[in-house]
Amino acid sequence: MKKVFDIAFKDMLQSFRSLIAVLFMFGVPLLMTAMFALMFGNSDGEEEPFTLPVTKVILVNQDSGSFGELLPTGAAPQSESAASLGDVLTLTLSNENLADVLTLTEMDDPTAARAAVDAQAAGVAIILLPDLTERYLAADGRANIEIYQDPALTIGPAIIHGIISQMLDGFSASKISMSVTIEQYAQTHGTIDEAQIQSIIGQYFASAGTDNTSAQLEIRAPQSETGAEARSIGITAMIMAGMMIFYVFFTGPSTAQSILREEERGTLQRLFVTPTPTTAILSGKFVATLLTIVVQFAVLLLSGYFIFNIQWGDPLAIILLCASITLSAAAFGIFLISWMQSERQAGFMLGGVVTLTGMAGMMPIFVLGMPKPPAFIKIVSLATPQGWAVDGLQSLMTGSTLANVMPNILILLLWAAIFFIIGSLRFRNRYAQE
Amino acid sequence: MILNKELAIQTHDLHKDFGEVYAVRGVDLAIKPGEVFSLLGPNGAGKSTTISMISGLLKPTQGQATILGHSVTRNPQAAKALIGVVPQEIALYGDLSARENLLFWGKMYGLRGNALKQRVDEILTMIGLSDRQKGRVEKFSGGMKRRLNIGIALLHKPQIVIMDEPTVGIDPQSRRQILDSVMELNRQGMTVLYTTHYMEEAQELSEHIAIMDHGQIIASGTHAELVRIVGELDRIELTLNAEAERVLEAWQQVPGVKNIAAENGQLHLLVDDSNTVLPLLFESAAQASVRITSVEIQEPNLETVFLHLTGRALRD
Ligand SMILES: Nc1ncnc2c1ncn2[C@@H]1O[C@H](COP(=O)(O)OP(=O)(O)OP(=O)(O)O)[C@@H](O)[C@H]1O
Ligand SMILES: [Mg+2]
């Protein structure tokens, strides 16, 4: 049993002495994170995670509709001065939360607005057409908005698009519940006056509008939509989590590779002629891989916390999650290496399989900026152990509890068991005295 | 096989096939405690394969091997603890220092703590690497690596040391050191199984020698016994100023010539009596317009035996 650790410590001594190994274990992930931290600012989610370009927006509100039509029959408002969807959009876009992303100028003439965009005096012109409210309240619920943009700009207009469609989505949901509320109000109070209706509508739209706009500006993990005290995560933290997982799953195979290296250099054969059981030798290799990853995790988690001020989340959950990741990354190493005949072959494999699965697992991080990432990204990502690891870390960073990431832990342990059983059986057969 | 627990190493009908390659084909060895036993044979004879089976690295296709009565297949841990193996290829961790290598391998042989440290110091002194113990092995010369390669096999003071061509590819001085240390170890009571393709080494080190070729032991015994196989034959070494092929066929017909082998422009002949055969060879060469540029007549030795038994020279 002692020999298992003797072998493991010898392997670790060799790994940590290798400049290349250390570079890939700590250097590259930290460097990449630092690069992103410099690019996007160092954020723990409390501050603004992104620095986005400020877009000049011209708004032409021609909407002549009124929410009065929303009212149940019999409670029709007396006047025509009720707020329209156009008014609400105007109000929302001029919300101070959006000041970092856009500056809003109101105009009356749509032609002048388009001309301003053409002259590059503005990035986007939003024209709320006269029948906006009317069309929106109609059965199909399509809003009628023209967005006229400078073709040379991409990010700014895309963000404006995103904000508006988010708002409209939110309104659609509110629309249904709102009419229900008004109806109930009318039933319980017998009558309803315009001021009351205005107040109900105002509350709904104000909340719907602000909620959605702020969500648009934050990077949120999927869980954050459900949890009431959900936290947003900074881009640096997400990159660090992704890098950490990518390189932890790189360390697994690259440490397990020492089996092949020893075979090629003849030291494995030499080990086999000492009175050391094959199981102890192979276990030593596995323990070396495990411990190397533990060290790597510890260094990266602490550097993340102290250098980049990353809040990893509930410590116990993080420890358990990382333990399950460690097991599956080490077993992943044993599994992959068991299919390799030579160190050279393993080199190619490290470049191929590890990079592919690692990238697949990290895909949700690459598409963080997208308002609606395609569903297949999540599916592909969760087809790899790396995907479950990234998902778990992401989830803990947004404030999830141990119970929330239990599925991740269990699935990672399942991956670990499968990898380990297949890999170790293959090695056993391979070295069962030829 | 009649198991003799007294024997340091005993093998019976040892076979090893690698698919179509029959590397070892029925090897019987009986090595007594306290002797230096040499396994002499050319490249590819099957020496390393035999040793790998004895040391428990390879499983025999057929037959068995025991170390002081412990079967290497049925009781491998006990058998392995009794032997120290010096592999033919240097097997060391280049990125560790000499001392770190010795400490690690000592632990693999079950040594720990002070006993381990003390033994490592002793070995470092024995192999003359005390000054360089902190140096990384990858920076060492070939001779230094060879010595460390041997030192590792001696850490646990094994009763039996198996050395596979430990002097290959090193300078004469290091080679001398190694041969001296083998004799010193033997004086201290260690049994040594030594493989080589240098007949001088076998002759100098060993009482008992087995000559191996194509996976089989073709002759074995003491040096004197082996030489007696060739009886009164003389051995002649010749060089020509032309291709050996031009005289080879004619010389095979010369009365008194038993065996001819050509290698590297040299001709090795076994003859009944060099005094009568040599004039005939000169005559035959002259007829073929070939000049003999040097002649050497030698006492029969292991080289002669190998030539006699196989028709080939031991070294290629
Ligand atoms: N793992 C293997 N797979 C296939 N063939 C092998 C293997 N190991 C050895 N052989 C073959 O078995 C034969 C004997 O090889 P072995 O290494 O035992 O010879 P040797 O006497 O030690 O030679 P040398 O002096 O070159 O070390 C050779 O033909 C070799 O090619
Ligand atoms: Mg050999």
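Numbered from 1 within each chain, the chains take letters A, B, ... in sequence-line order.
- Only the backbone of B/Ile90 has a heavy atom closer than 4.5 Å to any heavy atom of chain A.
- Both the backbone and the side chain of A/Ile7 come within contact range of chain B, judged by heavy atoms closer than 4.5 Å.
- The choice from A/Lys2, A/Lys10, A/Glu262 that makes the most heavy-atom pairs within less than 4.5 Å of chain B is A/Lys10.
- Between A/Phe26 and A/Phe16, the two ring planes are parallel [angle under 30°; tilted spans 30° to 60°].
- Contact annotation for residues 139-170 of chain B against chain A (heavy-atom separation below 4.5 Å, listed by residue number): B/Asn149, B/Ile152, B/Ala153.
- With respect to the salt-bridge test (charged N to carboxylate O, under 4.0 angstrom), the residues A/Glu264 and A/Arg261 do not qualify.
- A donor-acceptor pair shorter than 3.5 Å can be found between the side chains of A/Thr276 and A/Lys3.
- Using bins of under 30°, 30° to 60° and over 60° for the plane-to-plane angle, the ring pair A/Trp339/A/Phe335 lands in the perpendicular bin.
- Neither the backbone nor the side chain of B/Glu89 comes within contact range of chain A; no heavy atoms are under 4.5 Å apart.
- Rounded to the nearest 0.5 angstrom, A/Met240 CE and A/Trp312 CH2 are separated by 5.0 Å.
- For the 3.5 Å distance criterion, the side chains of B/Gln118 and B/Glu122 fail to qualify, holding no donor opposite an acceptor.
- Counting only N and O atoms by type, the side chains of A/Gln296 and A/Tyr247 include no donor and acceptor under 3.5 Å apart.
- Neither the backbone nor the side chain of A/Leu268 comes within less than 4.5 Å of any heavy atom in chain B.
- Because its NZ or CZ atom is not both nearer than 6.0 Å to the ring centre of B/Tyr109 and within 45° of the ring axis, B/Arg119 does not count as a cation-pi partner of that residue.
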